[in-house]
Each structure stands twice: as structure tokens, then as C-alpha cells.
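Values reported hereafter were calculated over all heavy atoms of this structure, with side chains retained and with hydrogens, waters and symmetry mates removed. Every chain is numbered from 1 and lettered A, B, ... according to where its sequence line falls, protein lines coming before strand lines.
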Protein chains: 2
Amino acid sequence: MSENEGLDTKERILQAAENLFTDQGFGATSLRAITHRAGVNLAAVNYHFGSKDALIEAVFSRRLGPLNRERLELLDALEASGEMVPLDRIVESFVGPALRMAHDPSGGPVFMRLLGQTISQPRGTIRETFLHQFDEVFPRFTAAIGRCLDGVPPKEVVWRFMFMIGAMGHTMAMSGDMELMSGGLIDSGDVEGAIRRLVPFISEGLRAETLAPDGAKS
Amino acid sequence: MSENEGLDTKERILQAAENLFTDQGFGATSLRAITHRAGVNLAAVNYHFGSKDALIEAVFSRRLGPLNRERLELLDALEASGEMVPLDRIVESFVGPALRMAHDPSGGPVFMRLLGQTISQPRGTIRETFLHQFDEVFPRFTAAIGRCLDGVPPKEVVWRFMFMIGAMGHTMAMSGDMELMSGGLIDSGDVEGAIRRLVPFISEGLRAETLAPDGAKS
DNA sequence: GTCTATATAGCGATAGAC
DNA sequence: GTCTATCGCTATATAGAC
């Protein structure tokens, strides 16, 4: 029942919490269930993290920090050339690191699903903390995308950026569950296949012209 | 504190549940909170619905039935002409009814957010019931979209359909919350504006060619 | 059909021994 | 840093009066 017996208490709690939050949600997951699964004492969560909310925050910040740093490094590298950066590459820099978390055997696939789920419901107490993790990433990428979409107003870029987040997040959330949804057509473990399909979908979507209120192209 | 005092107990419970589930999630919302908000007795939920899970199911089936029926009717109307149906119109038939729920003053906007959130996390006990609501809609629309994407294998269509669901669901979930995310650029209440942007994004995304494993177009 | 009262269980959090 | 024990509270669900 307990997992990763070689790790220290704090890490075991984080991994157990990640798994249970993903399967049951935050509200429905008790500290008792977490500590039992981690094979540690009930009081350990409050000792190491202080509260359940603080534990939730720790679950996110532990992985979101490195993930968003990687995104920014990839974007930096692209923009360092000084030339016009292709839209596909920007999208890939944003989407790739998130989906490639699935390759990390130590809980990567689980956190990816958790992140995909949480992106579409940052309400309640953890909301601020969660969104704060993207304070640097969102403006950098909207700006980079906006530079590719010449003449498209910032407001339009924000809309399309939201659509991109949604397509990516849902893909992450459904990871490991696509065989069922597709009638066996899709192999959920095919991360690179997902990227090869998602990046063009988003890139072409980003380029699409907004319809005018009367139904014509704008 | 209680809402819609003119309605009967069952309806008041459903509306209160919808609101609280949307803001706090299923696990974190207690029957006490629901009955208190509805202004009815604590025992009323179990009398009218039998259990909390059955209430959750009722919250969804009440609105998802009519919504998906409308989608199918729109698709029927498009296909009745016998001519080739434009991709944009198919996408609009799927996305439009969901986003236009926001126009229904009796809880439409709230349920839209709830639906957007739940689409990306159908895990646990309500999963089967929730997905079952789409048994007819998903195959009909994937088939219709596949007919527009001549020569694209069914597997590819399923992938892209998932991206579409994600873009739409996230838009629904973020509804009412976009001012904050966009720094005041976007008016969350602009439903038709959302549709005018989302439909082209998805349509062009659906048409995008999957990259080959070596990075070339397939 | 609505109420009070309660059974039974689980919750987050903490005090204090080791 | 880990443990037991427990406080104070809330949960879902139900029994039985009205």
C-alpha cells in the first residue's frame, strides 16, 4: 500500500498526495488517506507542511517551477537567434515540456494529469498561488505569439492563447485515458504522437482569423 | 442566503448544488452547505435524490440532455441539405449551444462553468454517468468532421476532436473570469465574441496536418 | 413532504510522550 | 522527527414525529 519506501517522509507525502489529488480531487482527499498511502504517521503532514492547503501548494510548486523554467529557457534559445521565430516552435516550447513530463517515471504522468485538470478550475483558496506560478510564462509567450501574428490585436491573442491552454490542458488531463475514449484507436502513452498532433492544431488555430460579428472574416 | 424562493424544493436544491459544485468542487461541497443555501431542510436531499452521488448525476443530466439534443438537431439540419457541410458550421453546432447556455438566466452561466471544469476530470464515481451523456453526440460529430477532412484517418480525427473539446471546455470554465486573466482586455460576458473566435480557431486547428515523426508534414 | 434528532463515521489539527 | 491519543467539529444518512 505504501509507496517509495526509500524516500524520506516529506517526499513520500508529496507523491501520495499527488496521486490521490489526481484521482479524487483536493476536497475529497483526506490527510488520513494521504498519510496511509505514504506509509507515514497522520501527524506528519502538519509537521512538515503546516496544513492541507500548504501541502497542496507544495505539490504544485515542486514541479511547476522547473517546468516553467524549461519553457522560458526554450523560448530564450529560440529568440536568441535574432531572427523571426516560427510560430510552431513557440508553441512547441510551451506545450512540449508539459507533455514530456510523462517521460519522468517518478510521478510525471500523474502530475501532468493533475495539472491538466487544475488549469481549468483554479477556484478557491489555492487559486492565487496556482496562477502566480505562471506570472512570468504567460506574458512572455503571449508576447512571442503576438509577434508572429502580425497585426493581430493583443486582445485577440489573449483569446487564442486561452484556447491553446485549453487544448493542451485537456490533452494532459486525458493522458492515460484515451484508449477508452477512442475505442482503442489511440495509445495514451504516445507522448510524442500527441505533440506532433497538438502543435499543428494549435499553431493553425492561432493563425485563424476571428469572424466579424456579421459572420464575415475580420 | 437562500435562492429562488418561488421554486419547489427539488429545483432549489439543484440550483444551490450547481452553484456550490462550481465554486468548490464536488468533494468539498457538503449537503449541509447545499441545503442551507437552498433554504431547505438537511434531510431533503436524501428524500428527493437518495444520495449525494445521485444529486450530482441529477445536476448534470438535467441540463446535458437538452444541450446535446440541440447539438444533434443542428447537425441534422445541416446534413439534411444533402450537400457537403462546411466544417465551420459543424464546429459551430457543437460549440455554439454550449457557450450560448450563458444566455439562460436561470443558472446557465454557472452550469457552463461546471461543465467546462468537469469535462477535463471525469474520474471517480460519476465518470461513467457523465460520459454516457455523450454516447450519441461524440460519434455523430467525429463522423461529420471526418467527412470534411477528406483522407484524414479516423485516429487523427479522434485526436483533433479531443483538442477541440479542450479548447471549448476551458473557454467555458474560464467564462466570467477572463477580465482578470487578460488584464481587463476581455469582457467575459461576450458570448458571441467567444464563439466568433473559438469556431475559427478550432476549424483551422482541425484542418492542420499532423507532423511526421521526423518533423516533416505527413 | 418537511421537520428534529441522532446514529455513525470521518475530518483537520494539535498536545505531549518518546 | 515520529508516535499515540484526542479535541472539536463536520460529514452523510436515517428514524420517526408531525
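- Contact annotation: A:Asn41 side-chain N/O to D:dG1 OP1/OP2 distance is not under 4.0 Å.
- The side-chain tip of B:Arg160 does not point at the ring of A:Phe201 from less than 6.0 angstrom away and within 45° of straight on.
- Among the nucleotides D:dT4, D:dT14, D:dA11, the one closest to the side chain of B:Ala43 is D:dT14.
- You'll find that the side chain of A:Asn46 is closest to C:dT14, out of C:dT14, D:dA13, D:dT2.
- Look at CG on B:Asp8: it is 13 Å from C1' on C:dT2, rounded to the nearest Å.
- Of all nucleotides listed (C:dT2, C:dG12, D:dT2), C:dG12 comes nearest to the side chain of A:Leu31.
- If you measure from atom NE2 of B:His48 to atom C1' of C:dC3, you get 12 Å, rounded to the nearest angstrom.
- Between A:Gln117 and B:Ser120, the side chains place no donor N or O within less than 3.5 Å of an acceptor N or O (distance only, hydrogens not considered).
- Of the two residues near DNA chain C, A:Gly50 and A:Ala33, the one whose nearest nucleotide lies more 5' is A:Ala33.
- For A:Ser51, no side-chain nitrogen or oxygen approaches OP1 or OP2 of C:dG12 to under 4.0 Å.
- Residue A:Lys52 contributes atom NZ, which lies 15 Å from atom C1' of D:dC9 at whole-angstrom precision.
- A donor-acceptor contact under 3.5 Å is formed by the side chain of A:Arg32 with the base of C:dG12.
- Using cut-offs of 30° and 60° for the angle between ring planes, the A:Phe134 and A:Phe138 rings count as parallel.
- Residue B:Thr35 is classed as having no contact, given no heavy-atom separation below 4.0 Å to the nucleic acid.
- Summarising the geometry, the separation between CZ on B:Phe49 and P on D:dT14 is reported as 16 Å, rounded to the nearest angstrom.
- If you take CD1 of B:Ile34 and P of D:dT10, they are 17 Å apart, rounded to a whole angstrom.
- The side chain of B:Tyr47 lies closest to C:dT2, out of C:dT2, D:dA11, C:dC3.
- Taking only side-chain atoms of B:Leu42, from C-beta outward, the nucleotide of C:dC11, D:dT2, D:dA13 with the closest atom is D:dA13.
- One finds no side-chain N or O of B:Thr9 lying less than 4.0 angstrom from the OP1 or OP2 phosphate oxygen of C:dG1.
- Distance CG (A:Leu55) to C1' (C:dC11): 15 Å, rounded to an integer number of Å.
- For A:Ser30, a side-chain nitrogen or oxygen approaches OP1 or OP2 of C:dC11 to under 4.0 Å.
- Heavy atoms from other residues, nucleotides or ligands lying under 6.0 Å from NE2 of B:His103 number more than 12.
- A salt bridge between A:Asp177 and B:Arg127 is present, with a side-chain N of the basic residue lying under 4.0 Å from a carboxylate O of the acidic one.
- Within the nucleic acid shown, A:Ala44 has no heavy atom closer than 4.0 Å to any nucleic acid atom.
- Whole-Å rounding puts the A:Leu20 CG to C:dC11 P distance at 11 Å.
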